[in-house]
Number of protein chains: 2
Amino acid sequence: MLAKIKSARDGLRKSEQKVADVILADPDNSVQSSIQAIASLAGVSEPTVIRFCRALECVGFQQFKLRLAQDLASRGTFFYRDVTPDDSGKELTTKLIDGAIASLVHVRNQLNYDALDKAIQFYIDCNRIELYGSGGSAIVAEDAQLKLFRLGKPAIAYSDPHIQHPAASLLDKDALVIAISHSGRNQDLLTTVQIAKDARAKVVSVTATKSPLAELADVNLSVDIVEDSDIFSPVKSRLAQMVVLDILAVGVAVRGGEEMLHQLAKARRAIDFKFV
Amino acid sequence: MLAKIKSARDGLRKSEQKVADVILADPDNSVQSSIQAIASLAGVSEPTVIRFCRALECVGFQQFKLRLAQDLASRGTFFYRDVTPDDSGKELTTKLIDGAIASLVHVRNQLNYDALDKAIQFYIDCNRIELYGSGGSAIVAEDAQLKLFRLGKPAIAYSDPHIQHPAASLLDKDALVIAISHSGRNQDLLTTVQIAKDARAKVVSVTATKSPLAELADVNLSVDIVEDSDIFSPVKSRLAQMVVLDILAVGVAVRGGEEMLHQLAKARRAIDFKFV
DNA sequence: ACTACTATGTAATTTTATTACATAATATTG
DNA sequence: CAATATTATGTAATAAAATTACATAGTAGT
């Protein structure tokens with residue numbers, strides 16, 4: 001629609017062009033305005049605005065506004081821009097959410113499906129899961145615990161390295177470790193994972209490609225998010241990690257066949273009223 | 001917006017529900033209709049339609065239609081499809097991530113900026129923050145705690161109702177409560193919030209529009225996500241809630257002016273190597 | 001069963017969009 | 001370069017739509 005206005009502009013009558021200019025100058029504002037507001041902004045009469053709409057093949061002003069609004073809504077490409085102190089609430093929201101979306105799109109494009117399949121197989125072959133992560137990654141670990149829990153095998157998350165270490169040393173070859181880290185360079189976590197490996201547990205990491213943690217793990221689900229401009233630490237990676245683990249959990253569920261899905265649906269219904 | 005209507009529906013008055021049903025039944029047609037048309041289709045009076053729009057936090061019918069139209073337009077971009085057992089890893093990933101993205105787009109389109117501004121002001125005016133959430137929402141509360149923590153005021157998250165209750169009773173008018181819930185109908189949480197209000201604390205809720213919790217809170221940051229087809233419980237709402245609280249936190253930070261941003265940057269550098 | 005409150009509708013009012021018509025501007029032709 | 005036709009634009013009237021103010025019906029609580 002915007003493009004249509006632009007290309008139609010020169011073929012319009014003089015006063016209609018004024019209307020086109022006003023709308024092109026601030027389309028977001030225009031969709032909220034009345035004919036009156038636009039007419040006076042453009043310095044033309046109200047019928048002129050209607051004629052303008054008709055020239056654009058709309059039956060009236062309302063339809064024109066509707067089309068324009070839909071156009072504006074779907075134009076959204078999600079590119080990340082830094083927030084600045086003078087952003088309005090709307091700008092802030094748009095920027096942060098677009099950033100989050102962009103990082104999810106990124107994950108979608110980079111996720112390694114072989115690794116995912118291997119991780120799913122590890123889950124199927126194990127008899128219990130331990131999740132390790134500290135700081136922000138502890139949140140992700142807990143979230144994943146909630147999910148994996150309902151798939152039928154014991155799952156527990158530890159965030160304190162002093163507990164992770166002894167816990168890891170008690171694992172065996174039937175245990176699965178999921179180690180979560182943004183940078184993959186947290187020394188405590190690396191030590192924990194090494195202990196788990198020495199105990200012959202399988203290790204899936206959720207971290208940056210080529211990081212020490214990714215190298216150490218049996219399988220890495222890569223989450224490479226640049227947090228370049230966030231005021232806060234890894235918010236976007238946290239989202240991305242959560243989604244990756246969600247994919248793992250759902251993957252396990254669907255590979256488990258009909259009966260697992262069925263059981264999950266049951267579990268869900270039972271929990272729903274509590275899970276708020 | 002559609003999701004918003006769905007989740008708000010049960011909290012509406014009877015005749016407003018009729019309006020909701022008419023619109024949900026054929027949203028594409030509704031955006032082109034006048035109040036009259038919708039009113040007569042729903043078998044209610046015209047003012048009822050307006051009241052319905054206001055209940056959805058729109059200033060009038062026009063704004064409502066506009067939002068709905070924009071919602072319909074962007075709905076096609078990332079649409080959610082159910083996962084099936086024979087999905088490949090790639091299909092699984094695409095489906096789940098698109099679902100997550102769609103829910104973030106929703107949040108972007110529906111967030112109420114006035115409410116956001118008020119919530120930011122509450123933070124600025126308070127001297128400590130308590131976050132309440134159970135189950136999945138406890139994860140969100142902890143995540144938010146991590147963020148708010150660094151803005152300079154004490155923040156603590158409680159997930160156990162038996163701890164939330166006494167904690168809430170000890171609050172005073174300088175305390176800010178952030179209550180998180182998917183449905184906004186968790187009785188324990190409602191009780192906690194009532195206790196907090198009786199203690200004169202300010203309450204910001206992060207939950208579904210028109211839910212009992214939203215009604216009870218001083219300000220609600222609406223997160224209306226339909227989890228219709230997820231195998232797991234509120235994963236998408238959890239993401240959405242986290243993002244909304246991230247927006248709140250960043251909003252507080254940027255409104256705090258240059259010096260707060262500076263301090264945060266310092267804090268971040270200091271923590272970075274730990275915060276993995 | 002009465003009171004108070006909430007929900008809903010009716011009718012008036014205001015705002016918004018549209019039409020019909022008049023006038024001004026521009027082009028066309030003798 | 002008039003005179004006239006044609007097109008463009010505005011004014012004022014009208015119709016439609018949205019909104020408000022108010023009245024009444026319904027409901028919950030005593």
Side-chain angles (χ1 to χ4, degrees), chain A residues 1 5 8-24 26-70, chain B residues 1 5 8-24 26-70 114 187 190 194 209-216:
Chain A
M1 198 72 199
I5 300 174
R9 203 208 95 112
D10 292 341
L12 296 173
R13 320 193 238 250
K14 241 188 289 148
S15 54
E16 286 169 13
Q17 289 185 7
K18 287 186 205 159
V19 177
D21 293 342
V22 165
I23 287 164
L24 289 172
D26 190 353
D28 292 274
N29 182 54
S30 302
V31 289
Q32 300 180 48
S33 311
S34 66
I35 283 202
Q36 219 172 49
I38 289 174
S40 77
L41 254 173
V44 302
S45 71
E46 291 164 34
T48 299
V49 178
I50 292 188
R51 289 182 199 117
F52 164 83
C53 298
R54 301 251 158 95
L56 264 354
E57 299 169 308
C58 296
V59 343
F61 181 67
Q62 286 299 336
Q63 192 182 77
F64 168 77
K65 267 199 342 192
L66 219 67
R67 296 228 178 122
L68 184 60
Q70 300 207 328
Chain B
M1 200 70 198
I5 299 174
R9 203 208 97 111
D10 292 341
L12 295 172
R13 317 195 241 250
K14 245 192 286 144
S15 53
E16 286 169 12
Q17 291 185 6
K18 288 185 204 160
V19 177
D21 293 341
V22 165
I23 288 164
L24 288 172
D26 191 353
D28 294 272
N29 182 54
S30 302
V31 290
Q32 299 180 49
S33 312
S34 66
I35 283 200
Q36 220 171 47
I38 290 174
S40 77
L41 254 172
V44 301
S45 71
E46 293 166 34
T48 299
V49 178
I50 292 188
R51 288 181 200 118
F52 164 83
C53 299
R54 302 253 159 93
L56 263 0
E57 299 170 311
C58 296
V59 340
F61 181 67
Q62 286 300 336
Q63 192 183 75
F64 168 78
K65 265 195 350 190
L66 219 69
R67 297 232 177 117
L68 185 60
Q70 302 205 325
D114 285 347
Q187 197 51 57
L190 286 168
Q194 189 57 60
T209 313
K210 283 275 156 188
S211 62
L213 177 57
E215 300 286 311
L216 197 56

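Residue numbers start from 1 in every chain, and the chains themselves are labelled A, B, ... in the order their sequence lines are given, proteins ahead of strands. We use all heavy atoms of the structure for the numbers below, so side chains are in, but hydrogens, waters and symmetry mates are not.
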Quick one: pull up [atom1] in [X] and [atom2] in [Y] and give me the separation to the nearest 0.5 Å.
| X | Y | atom1 | atom2 | answer |
| --- | --- | --- | --- | --- |
| B:Q32 | A:Q63 | CD | CD | 7.0 Å |
| A:L24 | A:I5 | CG | CD1 | 5.5 Å |
| B:L41 | B:N29 | CG | CG | 7.5 Å |

- Item | Exceeds 12 heavy-atom contacts within 6.0 angstrom, atom CD of B:Q194 |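 For B:Q194, atom CD is crowded (more than 12 foreign heavy atoms under 6.0 Å).
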
- Message: Which residues pass the side chain to side chain donor-acceptor pair (under 3.5 Å) test with B:R13, not counting sequence neighbours?
- Response: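 Applying side chain to side chain donor-acceptor pair (under 3.5 Å) to B:R13 gives B:E16.
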
Show the distances under 3.5 angstrom between N or O atoms of the protein and N or O atoms of nucleotides 23-26 of chain D.
none

Measure [atom1]/[X] against [atom2]/[N] and give the value in whole Å, please.
| X | N | atom1 | atom2 | answer |
| --- | --- | --- | --- | --- |
| B:Q63 | C:dT16 | CD | C1' | 17 Å |
| B:R51 | C:dA7 | CZ | P | 10 Å |
| B:F52 | C:dA7 | CZ | P | 16 Å |
| B:R13 | D:dA28 | CZ | C1' | 16 Å |

- Message: Applying a 4.0 Å non-hydrogen cut-off, can you work out what A:V49 is touching in the nucleic acid: base, sugar-phosphate, or nothing?
- Response: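 Nothing: the residue A:V49, judged by heavy atoms under 4.0 Å, touches no strand.
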
- Determine, for nucleotides 12-19 of chain D in 5'-to-3' order, which nucleotides have protein heavy atoms under 4.0 Å from the base (write B), from only the sugar-phosphate (write S), or from neither (write -). -----SSB

- Item | Residue pairs passing the ring-ring contact (aromatic ring centres under 6.0 Å, His included) test where at least one lies in residues 31-58 of chain B, sequence neighbours excluded | B:F52-B:F64

- Query: At under 4.0 Å, does any side-chain N or O of A:S15 touch on OP1 or OP2 of D:dT9?
  - Reply: yes

- Task: May I ask you to verify if any side-chain N or O of A:T48 is less than 4.0 angstrom from the OP1 or OP2 atom of D:dG10?
- Result: yes

Compile the donor-acceptor pairs under 3.5 Å between side chains in residues 43-51 of chain A and protein atoms, sequence neighbours left out, one pair per line.
{"residue": "A:S45", "atom": "OG", "partner": "A:T48", "partner atom": "OG1", "Å": "3.1"}

- Item | Ion pair check, B:R9 and B:D21, cut-off under 4.0 Å |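 Result for this pair is yes, salt bridge flagged.
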
- Item | Flag side-chain contact, heavy atom, 4.5 Å: B:K210 against B:E215 |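 B:K210 reaches B:E215 side chain to side chain.
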
Atom pairs, protein N/O to nucleotides 3-5 of chain C N/O, distance under 3.5 Å:
none

- Over all atoms of both residues, closest heavy-atom pair of B:A55 and B:L12: CB-CD2, 3.6 Å

- Query: Would you say A:K65's side chain and A:S33's backbone share a donor-acceptor pair under 3.5 angstrom?
  - Reply: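 Answer holds: yes.
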
